Amino acid sequence: NNGHLMMQTTLFIGPVDFYYTDRHGVVQRQAMETGDSNFISPFVPHSFTAREPGMDAIIIAVTYGGHVRRAFTEFTRVGAKQVFSLAGDLRDPALVRRCTLRRLMEAECITQEAMATALKGSLSAERFGELLEGQEGTFAELEAVAKVLHVRLSDLHVSPLEEHEEVVITRTADSQRCARHLATYRVAPLARTRHQPD
């Protein structure tokens with residue numbers, strides 16, 4: 001498929017080839033086996049094929065979106081362009097910082113000039129303009145901005161989607177090595193990333 005809005009975790013049974021297109025447009029192939037798993041970020045084109053004729057090759061694809069799932073209907077009403085302008089793309093951290101700050105300012109009904117005035121003494125109007133264009137702020141700068149906007153400091157923090165996080169693969173051997181052994185069962189971690197919703 002061409003990628004989708006929701007994230008996906010895939011569990012593999014048998015010899016399955018997993019294909020995905022990376023951010024540079026290059027198709028990558030991973031040979032998956034029973035017990036392997038992956039995490040696929042939103043909008044990453046991907047597909048699966050059976051590798052061995054005559055052998056079962058099964059995937060269990062779980063798509064999910066956390067809080068996004070609950071707002072899905074509203075997202076479709078608003079439209080992709082508008083949602084993108086509000087959120088940005090984590091592959092471009094400067095864009096996300098810019099979109100986040102502008103969105104929070106709109107929610108507070110405050111202009112760039114009013115923000116600069118409110119921030120006087122904490123940072124210059126010029127520096128605030130740089131933050132508004134997506135430059136990364138220091139802790140003290142973001143703390144001052146958060147105070148004026150009446151938001152949490154964490155609301156201004158951006159964790160970019162690094163290239164190695166777009167598709168994460170965990171092999172069964174690694175999963176078993178990290179398993180927690182409890183009295184009656186074993187818990188083995190599947191593919192995971194810091195960008196999975198809680």
Side-chain angles (χ1 to χ4, degrees), residues 1-11 18-30 36-48 61-108 112 115 127-146 148-170 189-198:
N1 70 49
N2 291 320
H4 36 74
L5 173 63
M6 299 299 156
M7 291 155 263
Q8 178 173 314
T9 293
T10 315
L11 311 174
F18 164 54
Y19 298 89
Y20 67 95
T21 305
D22 68 20
R23 67 173 62 181
H24 305 290
V26 177
V27 175
Q28 303 290 333
R29 175 188 165 272
Q30 294 287 326
D36 293 346
S37 63
N38 73 12
F39 168 83
I40 307 170
S41 296
F43 306 112
V44 172
H46 57 277
S47 63
F48 308 92
V62 181
T63 53
Y64 55 97
H67 299 297
V68 171
R69 172 73 73 193
R70 287 190 281 281
F72 194 67
T73 302
E74 287 75 16
F75 281 142
T76 58
R77 285 186 193 131
V78 171
K81 276 184 153 177
Q82 183 64 19
V83 170
F84 184 78
S85 73
L86 293 170
D89 183 340
L90 285 176
R91 293 167 183 89
D92 182 350
L95 174 64
V96 175
R97 285 191 292 270
R98 189 166 57 246
C99 291
T100 300
L101 191 49
R102 290 181 189 276
R103 183 181 70 248
L104 293 172
M105 286 171 59
E106 286 179 17
E108 193 63 21
Q112 181 174 349
M115 279 292 294
R127 178 60 182 147
F128 178 68
E130 293 171 349
L131 295 180
L132 198 53
E133 287 306 310
Q135 284 193 15
E136 191 167 8
T138 66
F139 180 84
E141 289 171 337
L142 295 179
E143 196 171 44
V145 170
V148 171
L149 291 173
H150 305 284
V151 297
R152 298 169 299 190
L153 182 60
S154 61
D155 293 332
L156 296 170
H157 179 72
V158 173
S159 292
L161 182 65
E162 304 290 341
E163 191 166 352
H164 68 276
E165 295 174 313
E166 285 193 66
V167 173
V168 177
I169 294 173
T170 299
L190 300 175
R192 52 196 316 144
T193 170
R194 63 186 174 145
H195 294 287
Q196 286 173 290
D198 49 357

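Throughout, numbering of the chain's residues begins at 1 and tracks the sequence. Note that this is a predicted model, so its numbers are computed, not measured.
- For the atom pair OG of Ser159 and CZ of Arg194, the computed distance is 4.5 Å after rounding to the nearest 0.5 Å.
- You'll find the side chain of Leu161 stays beyond 4.5 Å of the side chain of Thr193, heavy atoms only.
- Distance CZ/Phe48 to CG/Asn1: 8.0 Å, rounded to 0.5 Å.
- No side-chain heavy atom of Asp36 sits less than 4.5 Å from a side-chain heavy atom of Ile169.
- Without hydrogens or angle criteria, Thr170 side chain to Ser37 main chain gives no donor-acceptor distance under 3.5 Å.
- Atom OG of Ser41 sits about 11.5 Å away from atom CD of Glu162, to the nearest 0.5 Å.
- Take Glu136 and apply the side chain to side chain donor-acceptor pair (under 3.5 Å) test, not counting sequence neighbours, and it matches no residue.
- A 6.0 Å sphere centred on CZ of Arg23 holds more than 12 heavy atoms belonging to other residues, nucleotides or ligands.
- Under 4.0 Å is where a charged nitrogen must lie from a carboxylate oxygen, and between Arg102 and Glu133 at least one such pair does.
- Put simply, CG on Asp155 and OG1 on Thr100 are 9.0 Å apart, with the number rounded to the nearest 0.5 Å.
- Minimum interatomic distance between Thr21 and Val44 (heavy atoms only, all atoms of both residues): O-CG1, 3.7 Å.
- Take Glu106 and apply the side chain to side chain donor-acceptor pair (under 3.5 Å) test, not counting sequence neighbours, and it matches no residue.
- Annotation: the span from Thr10 atom OG1 to Asn38 atom CG amounts to 4.0 Å, rounded to 0.5 Å.
- Evaluation of the side chain to side chain donor-acceptor pair (under 3.5 Å) rule for Arg29 yields Asp17 as partners, not counting sequence neighbours.
- Contact annotation: the side chain of Met7 never approaches that of His195 to less than 4.5 Å [non-hydrogen atoms, C-beta and beyond].
- Residues satisfying the ring-ring contact (aromatic ring centres under 6.0 Å, His included) test with Tyr20, not counting sequence neighbours, are Phe18.
- Taking all atoms of both residues into account, the shortest heavy-atom contact from Leu101 to Leu149 is CD1-CD1, 3.7 Å.
- Shortest non-hydrogen contact noted between Val168 and Ala191 is O-CB, 3.6 Å.
- With sequence neighbours left out, Asp92 forms a side chain to side chain donor-acceptor pair (under 3.5 Å) with no residue at all.
- When all heavy atoms are compared, the tightest approach of Gly129 to Gln112 is CA-NE2, 3.8 Å.
- Separating the CE atom in Met105 from the CE atom in Met115 is a distance of 5.5 Å, to the nearest 0.5 Å.
- Applying the side chain to side chain contact (heavy atoms under 4.5 Å, CB included) test to Asn2 and every residue at least two apart in sequence or in another chain returns nothing.
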- Item | Worked check of side-chain contact (heavy atoms from CB on, under 4.5 Å) between Leu153 and Leu142 | CA-CA 7 Å; Leu153 182 60; Leu142 295 179; 3.5 Å; yes
